[in-house]
Amino acid sequence: MLKQTEGSHAVAEAVALCRPEVVCAYPISPQTHIVEGVGELVKSGELRNCEFINVESEFAAMSVAIGSSAAGARTYTATASQGLLFMAEAVFNASGLGLPIVMTVANRAIGAPINIWNDHTDSLAMRDSGWLQLFAETNQEALDLHIQAFRLGEELSLPVMVCMDGFILTHAYERVDMPTQAQVDAYLPPYSPRQVLDPAEPVSIGAMVGPEAFMEVRYLAHAKQRQALERMPAYAAEFKSIFGRDSGGLLHSYRADDAETIVVAMGSVLGTIKDTVDEMRAAGDKIGVMGLTLFRPFPSAQVRDALQHAKRVVVLEKSFSIGAGGILATNVRTAISALPIDTYTVGAGLGGRAITKRSLHALFRGAIQGKLEFLTFLDLNREVVDKQLAREAQKRRSGPIAENLLRDVGVVAAKIV
Amino acid sequence: MEKPFAITLDPGSSLANRTGSWRTYRPEYLDRLPPCNAACPAGENIQAWLFNAESGDYEKAWRSLTVNNPLPATMGRVCYHPCEGACNRQHLDASVGINSVERFLGDEAIKRGWKFVKPEKQSGKRVLVVGAGPAGLSAAYQLALLGHAVSIYEAGPAAGGMMRFGIPKYRLPRDVLDSEIARIVDLGVELRLNTHVDDLKQAMAEGRFDACFLGVGAHIAKRAYIPAGDANRVLDAVSVLRSMEGAHEEEMKPLLGRRVVVYGGGNTAIDVARTAKRLGAEESIIVYRRTREKMPAHDFEVEEALQEGVMMKWLSTIKEAGEGELTVEKMALDENGFPQPTGEYETVAADSLVLALGQDADLSLLGKVAGLVIDQGVVQVDAAMMTGCPGVFAGGDMAGNDRTVTVAVGHGKKAARAIDAWLRGGKYEASPKPEMATFERLNTWYYSDAPKTVRPVLDIIRRQSTFEEVLGGLDETNAQFEARRCLSCGNCFECDNCYGVCPDNAVIKLGPGKRFVFNYDYCKGCGVCVAECPCGAIRMVPEEN
Amino acid sequence: MSYQPISFYQTGTFTVGNRLLAPDERSVQAQVKRYNSLNSGHRACQGCGEALGARYAIDAAMEAAHGQLIAANATGCLEVFSTPYPETSWQIPWVHSLFGNAAAVATGIAAALKVKGKHDVRVVAQGGDGGTTDIGFGCLSGMFERNDDVLYICYDNGGYMNTGIQRSSATPPAARTATTMAVGAEPGNPFGQGKFVPAIAMAHDIPYVATATVADLRDLEAKVLRAMEIRGARYIHILVPCPLGWGTASGDTIKMARLAKETGFFPVFEAEQGVVTGVLPIRKKLPVEEFLRPQKRYAHLFGKQPKVDVIAKLQALADRNIRKYGLLGEEH
């Protein structure tokens with residue numbers, strides 16, 4: 001059924017259609033509308049057989065989820081940013097225990113400085129946690145990926161993070177095609193846990209494992225996660241057969257068949273990139289796009305196949321590994337390392353900085369012209385940065401960086417000083 | 001269930017980890033010797049029969065008791081219960097009333113008609129027992145249980161010895177004594193009364209006896225020289241008490257008069273003074289040369305006598321018995337605690353004087369027994385109660401100076417077991433005594449406070465005028481309460497503490513009556529079970545390697 | 001108190017079992033076929049109070065739940081010694097997640113059971129004092145305030161023993177630990193710090209809060225059984241001496257717990273809906289020195305010149321407990 005609705009609410013409805021049995025929530029922007037939506041469905045009785053638990057922290061949220069999942073309940077939670085980091089220990093634990101929890105991450109920057117706006121630093125900080133990570137391009141895809149996430153996670157007995165851009169998707173009202181309960185039921189079988197806490201068959205879950213077996217445990221976790229690379233396309237195909245649309249899968253190439261330049265990105269920014277590419281194609285540029293849906297496990301072979309004919313690849317990512325460079329770019333570069341392709345890393349949209357078509361035009365033009373440096377930041381205010389660097393060079397105690405920058409760009413009145 | 005590798009484990013699989021290898025010390029169960037048992041002259045396993053009484057299985061308790069002593073109803077009245085003096089519970093509140101429970105069991109057995117079980121096989125050996133006092137009855141009982149044919153030759157007209165002829169009825173009703181003797185006779189023991197043995201060798205030959213036990217008692221009163229006028233009645237305690245047992249009681253009662261003086265400080269003196277009171281004496285006075293503290297009589301008996309109006313004259317010796325009065329010299333204790341004459345005299349009015357100065361055994365029958373040695377009136381025996389003459393054993397008053405019914409019963413038992421061994425051509429070896437269950441071995445925190453049960457006492461008027469039993473018995477409720485006061489020193493009472501407190505579940509409970517065993521596969525040797533065993537029935541010993 | 005002491009039995013009144021009692025009146029631990037939820041072969045130190053307390057408590061909970069029990073366990077000694085790969089000592093469904101989240105994991109399990117209609121399956125969470133009063137306190141408080149249907153059992157041995165005896169907020173004053181060394185002007189753990197979580201649990205007005213020690217098994221079992229009669233958040237705080245951390249002989253574990261209780265150093269009571277409803281009275285009151293002296297962690301108080309002032313302050317703490325909870329009641 002087509003409806004015009006907020007991204008968060010679309011996700012809440014989709015999650016409800018998946019018949020979760022335990023949902024735990026702790027509020028953090030921009031995730032709030034999702035759990036509010038699910039909570040209302042539970043409280044109103046629309047979503048039955050579901051325990052909605054208001055917990056005291058994200059750490060507790062993930063911990064409750066661990067408990068309920070281990071006891072055999074289909075479990076869902078959502079978080080963002082600081083919340084994801086606050087639950088980090090439990091995030092690793094959930095995957096280590098092999099519990100198929102589904103969690104929405106409404107992607108948001110990490111402080112300090114505190115910032116509520118969108119980038120991917122939170123999810124990518126958890127890239128080694130053992131969770132599967134899916135990135136949604138649109139609200140429709142966010143909705144669809146949640147349904148697929150339960151299927152995938154429960155099949156592999158691994159937890160899945162569905163990442164959607166905070167505010168840009170969560171708070172955007174768009175038209176979505178909301179599936180029926182019958183469709184979802186046809187696609188998603190009831191949760192049949194691989195291991196469960198059950199007095200009829202008692203086991204000890206969560207043993208202490210020493211050097212004699214720990215490496216093997218890690219290897220097996222890796223091998224298990226890699227199975228998603230086969231499952232995900234299969235489930236996407238099955239999804240299409242029931243729901244009638246392409247959604248999910250590992251990655252999606254756009255006008256890339258003959259592209260000399262391929263832009264790689266994740267999430268909602270793909271829309272802007274595709275618009276820009278369309279315009280550049282119209283102008284005769286051989287440019288295309290590869291949008292990555294599955295970030296973990298990283299589909300290296302498929303990425304290599306998708307990029308193998310390009311001359312250059314521009315990885316535009318809303319994340320950055322301080323002191324090292326791009327995170328997505330590093331993964332891409334590793335995947336195509338055997339190929340003679342120039343790979344550029346572009347940090348973009350950090351902390352919610354708008355990514356405009358104009359800036360993208362300039363960026364891609366520069367890449368095509370060979371003027372792009374290998375690591376750049378889109379729309380970086382060089383003047384402000386240079387000033388601060390100069391200040392720091394002069395004086396060791398040069399004051400808080402964030403405030404200095406804000407002052408320089410004029411957001412904070414200079415007279416306060 | 002698909003169990004992830006290493007992270008998820010099968011239940012209880014730690015049994016594969018034998019933590020017993022950590023141990024440097026190992027716990028071991030043992031039975032230590034409870035102080036009551038150690039103190040019992042009859043060698044009763046008191047803790048064991050209290051254990052059965054605690055659970056209300058009185059017959060089992062009685063059977064356990066009578067393994068060592070066939071006379072519990074009697075013993076529960078006349079024993080001076082050294083067990084209670086040794087009882088560890090006295091350090092908590094008061095000793096367990098062992099004697100009162102013993103009496104309860106004895107009375108219960110008479111009431112219920114419990115009998116001893118005859119042995120299945122007879123040995124074909126014949127044993128003569130001389131004297132039907134406590135030593136002889138005990139020996140006869142044990143010998144009969146061992147399958148020997150036993151004959152008791154008793155010089156007197158009734159069995160019981162000093163229990164009948166020395167202990168007043170108000171302490172031991174005769175129906176109780178008769179019942180317990182009858183039960184022994186019922187085992188097939190031949191009892192010949194009025195049969196005085198003059199020549200042991202001849203008696204044994206005539207009866208074709210293979211061995212004999214002598215338990216003739218000490219019935220001859222010791223005399224002291226006291227100048228006495230003709231008119232004064234001077235009697236001895238043994239005769240007085242014996243005369244109370246006449247067939248025709250009223251006729252035979254001794255004539256003691258209104259004012260009776262008893263000379264001596266032992267239990268017999270007390271018995272006579274109290275008997276005199278009951279016979280109507282207005283004054284019954286005990287004269288003793290030392291102080292109350294030095295009196296050989298038991299304090300509780302002195303106390304009971306005083307309650308009944310018996311008077312005491314300490315630090316006094318009788319110098320002369322005159323017409324209706326006695327001359328008494330005051331004494332004083334010297335620095336060593338011995339009484340010394342002071343030269344001060346006084347007179348005490350008395351219609352009769354009863355001497356209670358001790359007794360001797362009549363050893364005339366032993367004249368022709370080769371090898372038998374008598375020293376200062378006491379027959380000498382070895383550790384197995386055998387005299388210098390092979391096959392002739394002795395016990396009771398004639399074979400020791402500790403002359404109580406309980407000692408005699410103990411002698412009889414010990415001699416019987418030695419006779420049995422001797423008849424089989426062996427030598428009786430008592431099993432070695434386990435180490436003592438001292439108070440320090442106990443963890444008394446586990447026992448709750450419980451005051452001793454007081455036995456009912458006959459009212460004072462009836463005590464001064466009748467021979468009714470003074471001390472009452474316990475009923476079932478308070479007998480069980482009293483039994484349950486037992487700390488079970490040194491002997492497992494299945495409290496489950498070791499089973500419960502082991503952090504490694506390394507104690508296996510075998511079920512009721514079967515106690516516990518350690519599972520050394522998992523016992524780490526921490527010692528918590530030892531520390532928390534209430535009764536000290538576990539010890540730690542070093543591991544050998 | 002929550003149970004009727006068997007006053008007419010003189011021997012065995014305070015012992016684990018009693019052959020004189022009817023079988024249904026005997027303790028869970030006295031049964032030949034008890035659950036042994038924590039099985040032999042675990043790697044706890046000799047004389048471990050926590051291993052003992054855990055078996056006491058979980059077996060009682062199993063009894064109450066007719067074997068339908070799931071446990072969540074915080075990281076700590078109990079977890080480490082019971083479940084090192086490839087062996088577990090647990091005979092019940094058991095999960096270990098993290099150090100600080102046992103209460104929340106248990107909430108999740110309870111929620112799952114509820115939604116699945118498994119009302120007969122009960123949930124316990126358990127952890128040491130570090131996992132309970134410190135790192136797990138947030139999750140614990142959350143579980144309390146939501147009144148989740150979980151019995152949380154804290155095994156308090158007064159420190160982080162698993163990591164090498166460091167101080168926790170349950171470490172008593174003056175005690176030496178690896179992070180409160182017996183040096184300087186105020187040796188050992190400072191006075192005026194720490195918290196008593198049973199009182200904080202009561203402040204949540206949860207249905208049931210109790211303290212217990214491994215020295216009073218019947219009391220402990222009665223409290224677990226009582227707690228299991230109730231639905232909602234329940235908390236039992238059990239004092240479990242640690243021979244390693246306290247510096248006591250391995251055989252003295254129960255004795256030390258007894259001394260903690262008999263000196264008033266550790267109050268044993270129970271409370272419902274935030275109100276104290278009973279105390280386990282001191283049977284034979286002892287000076288706190290009796291509790292302190294056998295412990296090496298207090299050895300610095302008993303040198304050549306005993307620190308009488310510090311001992312007096314500890315005595316004052318015990319006296320305060322005695323007054324506050326009325327610990328000198330009549331013996332039942």
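All of these numbers come straight from a predicted model, not from anything done at the bench. Chain letters run A, B, ... following the sequence lines, proteins first, then strands; residues in each count from 1.
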Does any part of the side chain of [Y], heavy atoms only, come nearer than 4.5 Å to the side chain of [X], both counted from C-beta?
| X | Y | answer |
| --- | --- | --- |
| P199(A) | I92(C) | no |
| C139(C) | F59(A) | yes |
| M208(A) | H96(C) | no |

For chain A, find which of [options] contributes the most heavy-atom pairs closer than 4.5 angstrom.
| options | result |
| --- | --- |
| G138(C), A72(C), S82(C) | G138(C) |
| Y85(C), W94(C), W90(C) | W94(C) |
| E79(C), Q68(C), E87(C), K118(C) | Q68(C) |
| L98(C), T75(C), D148(C) | L98(C) |
| L113(C), V80(C), I70(C), T107(C) | I70(C) |

Decide if atom CD of E36(A) counts as having more than 12 heavy atoms of other residues, nucleotides or ligands within a radius under 6.0 Å.
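Yes, CD of E36(A) has more than 12 neighbouring heavy atoms, counting only those of other groups under 6.0 Å.
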
Are more than 12 heavy atoms from other residues, nucleotides or ligands located less than 6.0 Å from atom NZ of K195(C)?
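Yes, the 6.0 Å shell around NZ holds more than 12 heavy atoms from other groups.
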
Taking every non-hydrogen pair under 4.5 Å, which of [options] racks up the most with chain C?
| options | result |
| --- | --- |
| E212(A), R74(A), R48(A) | E212(A) |
| A207(A), G206(A), S204(A) | S204(A) |
| A200(A), C24(A), P202(A) | P202(A) |

Check the pair V55(A) / R146(C) against side chain to side chain contact (heavy atoms under 4.5 Å, CB included), numbers first and verdict last.
CA-CA 8 Å; V55(A) 291; R146(C) 290 187 301 270; 3.9 Å; yes

Heavy-atom donor-acceptor pair, K116(C) side chain to G72(A) backbone, under 3.5 Å
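Present.
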
[X] versus chain A, the contacting section by heavy-atom distance below 4.5 Å:
| X | answer |
| --- | --- |
| L69(C) | backbone |
| A111(C) | both |
| Q91(C) | backbone |
| V121(C) | side chain |

Interchain contact, [X] with chain C, by part (heavy-atom threshold 4.5 Å):
| X | result |
| --- | --- |
| L97(A) | side chain |
| V203(A) | backbone |
| A90(A) | both |
| S57(A) | neither |
| E201(A) | neither |

Looking at every heavy atom in both A104(C) and A60(A), which two are closest together, and how far apart are they?
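For A104(C) and A60(A), the tightest heavy-atom pair comes out as CB-O, 3.9 Å.
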
Looking only at heavy atoms, which two atoms of S97(C) and N93(A) are closest? And how far apart?
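Minimum heavy-atom contact is OG-OD1, 2.5 Å.
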
Suppose a student defines contact as a heavy atom less than 4.5 Å from any heavy atom of chain C. Which residues in residues 214-224 of chain A would they list?
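Contacts with chain C: none.
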
